[in-house]
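All values below come from the heavy atoms of this structure, side chains included, with hydrogens, waters and symmetry mates left out. Lettering follows sequence order; numbering is per chain, from 1. Just so you know, these numbers come straight off a predicted model, no measurement behind them.
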Amino acid sequence: MAEKMAIAKAINESLRRALETDPKVLVMGEDVGKLGGVFRVTDGLQKDFGEGRVIDTPLAESGIVGTAIGLALRGYRPVVEIQFDGFVFPAYDQIVTQLAKMHARALGKIKLPVVVRIPYGGGIGAVEHHSESPEALFAHVAGLKVVTPSNSSDAYWMMQQAIQSDDPVIFFEPKRRYWDKGEVDPEAIPGPLHAARVAREGTDLTLVAYGPMVKLCLEAADAAAEEGRSLEVVDLRSVSPLDFDTVQTSVEKTRRLVVVHEAPVFLGSGAEIAARITERCFYHLEAPVLRVGGYHAPYPPARLEEEYLPDLDRVLDAVDRSLAY
Amino acid sequence: MAEKMAIAKAINESLRRALETDPKVLVMGEDVGKLGGVFRVTDGLQKDFGEGRVIDTPLAESGIVGTAIGLALRGYRPVVEIQFDGFVFPAYDQIVTQLAKMHARALGKIKLPVVVRIPYGGGIGAVEHHSESPEALFAHVAGLKVVTPSNSSDAYWMMQQAIQSDDPVIFFEPKRRYWDKGEVDPEAIPGPLHAARVAREGTDLTLVAYGPMVKLCLEAADAAAEEGRSLEVVDLRSVSPLDFDTVQTSVEKTRRLVVVHEAPVFLGSGAEIAARITERCFYHLEAPVLRVGGYHAPYPPARLEEEYLPDLDRVLDAVDRSLAY
Amino acid sequence: MTVESTAARKPRRSAGSKAGNAGTTGTKAAGTTGTKRTTRSTRAAGKGADPQLVQLLTPEGKRVKNAEFDPYVAGVTPDELRGLYRDMVLTRRFDAEATALQRQGELGLWASLLGQEAAQIGSGRATREDDYVFPTYREHGVAWCRGVDPTNLLGMFRGVNNGGWDPNSNNFHLYTIVIGSQALHATGYAMGVAMDGADSAVLAYFGDGASSQGDVMEAFNFAAVYNAPVVFFCQNNQWAISESNEKQTRVPLYQRAEGFGFPGVRVDGNDVLASLAVTRWALERARRGEGPALIEAYTYRMGAHTTSDDPSRYRHDDERIAWEAKDPILRLRRHLEASNHTDEGFFTELETESEALGKRVREVVRAMPDPDRLALFEHAYADGHALVDEERAQFVAYQASFADTEAEGV
Amino acid sequence: MTVESTAARKPRRSAGSKAGNAGTTGTKAAGTTGTKRTTRSTRAAGKGADPQLVQLLTPEGKRVKNAEFDPYVAGVTPDELRGLYRDMVLTRRFDAEATALQRQGELGLWASLLGQEAAQIGSGRATREDDYVFPTYREHGVAWCRGVDPTNLLGMFRGVNNGGWDPNSNNFHLYTIVIGSQALHATGYAMGVAMDGADSAVLAYFGDGASSQGDVMEAFNFAAVYNAPVVFFCQNNQWAISESNEKQTRVPLYQRAEGFGFPGVRVDGNDVLASLAVTRWALERARRGEGPALIEAYTYRMGAHTTSDDPSRYRHDDERIAWEAKDPILRLRRHLEASNHTDEGFFTELETESEALGKRVREVVRAMPDPDRLALFEHAYADGHALVDEERAQFVAYQASFADTEAEGV
Ligand SMILES: Cc1ncc(C[n+]2csc(CCOP(=O)(O)OP(=O)(O)O)c2C)c(N)n1
Ligand SMILES: Cc1ncc(C[n+]2csc(CCOP(=O)(O)OP(=O)(O)O)c2C)c(N)n1
Ligand SMILES: [Mg+2]
Ligand SMILES: [Mg+2]
């Protein structure tokens, strides 16, 4: 029975279901209890599952992830919330040197089913550190999986799958889309967690995006359609592993590719997509892979973020440039 | 008066010169004092400049970088040592959210001339966390500069320039080459810190590398020469900013590019080079840019590292594959 | 007296309209018996789990004796007391104005200091001009004492910059949002002060929540090991967003200091006199080379965490009401009135000044221009960066491509 | 008794050849007066800067009384004492063998525990089978007590793996190289123990240097806030590579605990009996729900930091020589001999066992095969990863391309 709900609510429902069905699932983080998180994603969970399952932690991100690792070693499946993208870095050491590597270190004898939820990206007019897109910094690190939904249904199902995964998953939530609504069918049979999805079919050029940029790319495709151009939009859903096959199939058809993300272009995931798709589709590409993303500068103050973030014009400009080849 | 010295010694001499000429320069880190660092890079400096200038710190990397920032705010120019690549992550938050961003946050009113020295890379048969190449994780972050010398002369001069730079510089030292000797002329006039250098001229294909991989690429070029192939080798020297002009010039001539680094290929700096050079040289390239680097797996135990690290065969294999296009 | 914007390195706004430097007076008064007091205070602070709250003014405004800390405020004149009162009133007014401006959409966010005026003014007024202060994001009262033009604080909350003043003009660092980071910067700065042989001190602010961060605890340890002249000033306002103290710590926070080897004191953070005295004590021992100290100012966040927050979700009104009885401004007013230190003229004049401040803040904020688009690329680096140059050039060209359609940029 | 490789979840090697479970005995003896002792100990530990060293055996092997901790070893039989002696001797022998193997090129590195046997055996023998232990990289003696086959410890030092045992077989976690990280894992694990309603405890090891890391201090705080049944066991061996204690801390490390709200005790880490007693005390109070404790075992790293280190660069021989007089093994031997608990047969038999252990370690290490090349791609993920699959396939194809030139791999 599908129901329309916002992305934030879909994650909330997904966490609720996980807490209900698996007594080992825990929710941990700053202000996740009574407050329900600053975005209300954990709203009502502590009330219904108690302080033992939905745990307000001290204000210490390394401590949160480090103790979550210990809890996972004890057989729990912690879902950890980092309050904002810019606050994940105190936990970066635990994530990179412990969470990512312990399974391999133990030759498989240990599993760390920890989900790290990170509301990410800009466009909400916030102060510093509240608008960043650090996904490449996690995707570069072996041992982690990195996913990010773009809509309510994916938010719901990908969270279910992330929690069930025996690998640590960094779950990036597109915070500026938290209130966008979409259908969620809790009885559906979801596809694989790490498969990309063709969100819109097209023939002239492929737009690849994920998380908050998918909506923008769909809008760009609409706009382009009015000018008689048929754009295909691929929603990556997973940044590690990255579903190059789906992108390749699309590019072999359209012969042109533009990658869009909020993260800085330099060494962003678009770089990897460009490099690998160029290798895979060398004789198919009519134009170099173009990238639209953030600049190599600290995320700007709110009144400048519209200039910093990819928008319709910048995406269409890149589309034009690609088609001009 | 040029003198032959090992890379470790060249850095030592460069630090000595900086300590001598600028009373604001400090050297800080774990075991940098009496021990002279685990690689002896700071050997003798505390003896000659005292415990006030060459400072053994508590065992806390975040504390080291965080206090170095405070010292820089007070007008000092700290050169901080991180003992090994894998131990930089506790300091990652201070580096990414403070060191990288404070100058911009202060609209230029604050400068943070902090150098973070990191011995990096594998090939020394060490235990876990002692062989990593995390440069992409710093180069992706705006506000930082990332450099890495491949020889003694660069080690000496780039350290001088890094210390003089008013921007924070992450200085990656190719630890497995510490004992390689080369000429250092303390009276030379060095070129710009962030310019790449054509280390060997060639016509058939460009090899791009930096730090420890430059030597390997020069050897590969030797080997290829015996088979009648002329490889050009570009030593990047700087990963951020990255001197695309020099690479582009080379690739416009050779029309083929292979990038070699120890870091994992996925989202490594080779991805950015491939993406950008493909864009710049789209009509020149006869083959896709190929990359040789680490696998998407935690750095392996010592007895496997030769399989993990790029070696002569893997570089030549990529050269073959490129030339086969 | 009008509120002026602040010139760099000029003497700060004095605490009272005609008063001399209160800090200096206190320093002298206290200097004579410093070492002994230090010892006693250390012992007192470590006595046990019971909060040893240093209080000089009761909530009713009654001056109570405290052998240990009285000397630090022995020289405080009625004029200076009025100055402290004025500081608190104007700070609260500024804060209220900022909250209102946020509601009107002029600011994106505001973090109110409501209720914490005494802790901030008392500690801020204890600093000397050459001292250096590292704030969090809520130290509007301290900024005031340091002479930072309050309208400069609003830039980051409006979203026109990420920090709108020159930290070196008033030795007041930028607001730091990542919790706890600045404790290490303060410690490093203090290490530098000591290396320079200067007798300045450094004051690092943070919250009760921040005490849980590794960086804060590493700062405690570095400060202790290097005997750095840094005072850690923890405003325990009982809440870290929705989390109360017991979610952060098992014992009173001031007790943490001793385990690192320096004294910790809990002061009534709603008592401006006590906050002044204890901070002077700590700064002076730092100056004398006796190393760091931790002050826990026990106070209360009367309002929401920020304008985005809704405290009704996690705390009861009774709590706030109970704390209202301990209001820092009311308390000093009662004391001033009971001591006959004020007349109606003082309050009326202050009200006028307050109005003028409010008006100026409104006007300045509303007139605050958006930054130029190219500011995106400004100041990413001090020495320039090839990629930034390239991106800036592309950006300019891209913007120029709209020149036909648009008359001017956004 | 021969040294056997360890089966999962089997009772651990008992402390003495015929003894029962020493831990259980002690638990009973101490259980009766637990709460009171806790209080007293807390007080004693916080008394001041003077080390309150808990010692039950003097360096001369004389048993000294300690009202507080005697009950925890009241039930220790002569047989168990011999067991502790045997543990220490065999551990030292194993350690010496590993050092020799490193010199012979069989290991890439070795971190010797020489001098720290008593701290490790005493604390390790205090654990119950269901307890969980988080070591650093030097806890070879604790691993021994937990029943981990010592040869398994050598894999990472030889470079054939990064951790060569199943942590769940003996509730002994993998060695952790990044300093301090495991303190948080231990705390989280202990939080899980409490959630499960189990009465197990968790023991987290770290060094004096590690005490400076934010992670360790965050662990202290999490443990205190959640009242987690975790015991922090800090082996203060005086050195963190080349840095002595005063570079890390201004005050004795055990004192740090109180500032977080739990007791800290300094024990003579060269006294195996005292280490046993104090660790039992701490584990038992953790089991009883009284929360964490910090033990600082005051000991000495007799050798180099690792085989790569050259301590002559930073410390004098006199220091080591002074500590040799306090040798943990010698001390217990003196006590055993003075108490007539041993005869020559015991020592001869132990020497034979020691030889056998050395021989076995040599043989096993020399026969340790290099991992298969494809192990590169094993275990990067539990559920697989498309890129790893792709890279593995390319790797296999690439290797196959050499098939003509080479007979077999490597
Ligand atoms: C590292 C980090 N984590 C999380 C946050 C989000 N955050 C902002 S303020 C705050 C609570 C701070 O509480 P406290 O230290 O008591 O200061 P207060 O706001 O009460 O003045 C949190 C969790 C942050 N800014 N930085
Ligand atoms: C985060 C981190 N920084 C630095 C190192 C390098 N290192 C390895 S051991 C060591 C000293 C540890 O001293 P201590 O904690 O006293 O333990 P000990 O070696 O004396 O047993 C250092 C600095 C590391 N392993 N991890
Ligand atoms: Mg607070
Ligand atoms: Mg040590």
Side-chain angles (χ1 to χ4, degrees), chain B residues 24 26 28 52-53 55 57-58 60-76 78 90 93-94 96-98 100-113 139 142-145 164-169 192-195 238 240-245 272 276, chain C residues 132 134 155-156 161-169 173-178 180-196 198 200 202 204 213-215 217-226 228 230 371 375 378-390:
Chain B
K24 292 298 185 186
L26 304 172
M28 301 168 63
R53 305 279 310 280
I55 306 168
T57 64
E61 285 76 9
S62 189
I64 296 170
V65 173
T67 54
I69 290 172
L71 282 159
L73 291 172
R74 180 73 190 180
Y76 286 87
D93 176 54
Q94 283 286 350
V96 166
T97 66
Q98 304 301 331
K101 296 187 171 67
M102 206 181 279
H103 175 73
R105 189 178 301 149
L107 301 173
K109 299 292 198 304
I110 281 172
K111 287 173 183 167
L112 290 182
L144 302 176
K145 289 174 173 173
Q164 280 152 24
S165 165
D166 276 338
D167 287 308
V169 177
L193 177 56
H194 301 288
S238 176
S240 174
L242 210 151
D243 180 358
F244 290 109
D245 291 345
E272 184 62 40
R276 210 164 287 248
Chain C
Y132 208 102
F134 287 83
M156 63 174 268
N161 58 47
N162 287 325
W165 58 93
D166 179 352
N168 293 315
S169 291
H173 193 69
L174 296 175
Y175 279 178
T176 297
I177 290 178
V178 178
S181 314
Q182 76 279 4
L184 282 168
H185 309 156
T187 302
Y189 193 97
M191 288 162 64
V193 168
M195 285 177 193
D196 292 345
S200 315
V202 178
Q213 280 286 9
D215 271 11
M217 299 187 269
E218 290 189 8
F220 287 179
N221 193 45
F222 272 68
V225 166
Y226 294 112
V230 57
E378 281 307 296
H379 306 309
Y381 291 89
D383 290 347
H385 188 284
L387 179 58
V388 177
D389 295 343
E390 186 182 328

Heavy-atom closest pair, residues Thr97(B) and Arg105(B): O-NH2, 2.7 Å

Counting only non-hydrogen atoms closer than 4.5 Å, does Lys145(B) touch chain C with its backbone (N, CA, C, O), its side chain (CB onward), both, or neither? both

Test item: His185(C) side-chain N/O and Ile69(B) main-chain N/O as donor-acceptor pair under 3.5 Å: no

Evaluate side-chain contact (heavy atoms from CB on, under 4.5 Å) for Arg276(B) paired with Leu242(B), printing each intermediate quantity in order. CA-CA 11 Å; Arg276(B) 210 164 287 248; Leu242(B) 210 151; over 6 Å; no

Residue from Pro113(B), Ala106(B), Pro78(B), Pro58(B) scoring the most non-hydrogen pairs under 4.5 Å with chain C is Pro58(B)

Does any heavy atom of chain B fall under 4.5 Å from the side chain of Tyr175(C), the backbone, both, or neither of them? backbone

What are the two closest non-hydrogen atoms of Pro241(B) and Leu387(C), and how far apart are they? CB-N, 4.4 Å

Heavy-atom proximity to chain B below 4.5 Å, by part of Gln182(C): neither

Highest number of heavy-atom pairs under 4.5 Å with chain B among Ala186(C), Ala194(C), Ala228(C), Gly163(C) belongs to Gly163(C)

Can you tell whether the side chains of Asp383(C) and Lys111(B) come within less than 4.0 Å, N to carboxylate O? no

Per-residue contact mode, Leu26(B) against chain C (heavy atom under 4.5 angstrom): side chain

Residue Asp166(C) versus chain B: region with a heavy atom under 4.5 Å: both

Should the ring pair His379(C) and His103(B) be called parallel, tilted or perpendicular, given that the plane angle runs from 0 to 90° and is split at 30 and 60? perpendicular

Check each atom of Ala198(C) against the heavy atoms of chain B and say whether the ones under 4.5 Å are side chain, backbone, both or neither. side chain

Work out which heavy atom in His173(C) is nearest to a heavy atom in Leu73(B); give both atom names and the distance. CE1-CD1, 3.6 Å

Nearest non-hydrogen partners of Val230(C) and Ala223(C), listed with the distance: CG1-CB, 3.5 Å

Among the listed options Gly192(C), Ala380(C), Gly164(C), the residue most often paired with chain B at heavy-atom distances under 4.5 Å: Gly192(C)

Picking from Pro168(B), Gly143(B), Ser165(B), Ala104(B), which has the most non-hydrogen pairs under 4.5 angstrom with chain C? Gly143(B)

At a heavy-atom distance under 4.5 Å, which candidate from Asp245(B), Leu144(B), Thr67(B) has the highest pair count against chain C? Thr67(B)

So which atom in Met28(B) and which in Ile64(B) form the shortest heavy-atom distance, rounded to 0.1 Å? CE-O, 3.9 Å

Contact origin within Ala219(C) toward chain B - heavy atom pairs under 4.5 Å: neither

Under 4.5 Å from a heavy atom of chain C, the part of Asp93(B) involved: side chain

Is Ser62(B) close to chain C through its backbone or its side chain, or both, or neither, when contacts mean heavy atoms under 4.5 Å? both

Heavy-atom distance under 4.5 Å to chain C: side chain of Ala60(B), backbone, both or neither? both

Ser238(B) versus chain C, the contacting section by heavy-atom distance below 4.5 Å: neither

Heavy-atom pair count under 4.5 Å with chain B, highest-scoring of Asn161(C), Ile177(C), Val193(C), Val388(C): Val193(C)

Could you walk me through whether Val202(C) and Phe134(C) pass the side-chain contact (heavy atoms from CB on, under 4.5 Å) check? CA-CA 8 Å; Val202(C) 178; Phe134(C) 287 83; 3.8 Å; yes

Is His194(B) in contact with chain C via its backbone, its side chain, both, or neither, using a 4.5 Å heavy-atom distance? neither

Shortest non-hydrogen contact between Ser181(C) and Thr176(C), atoms and distance: CB-CG2, 4.1 Å

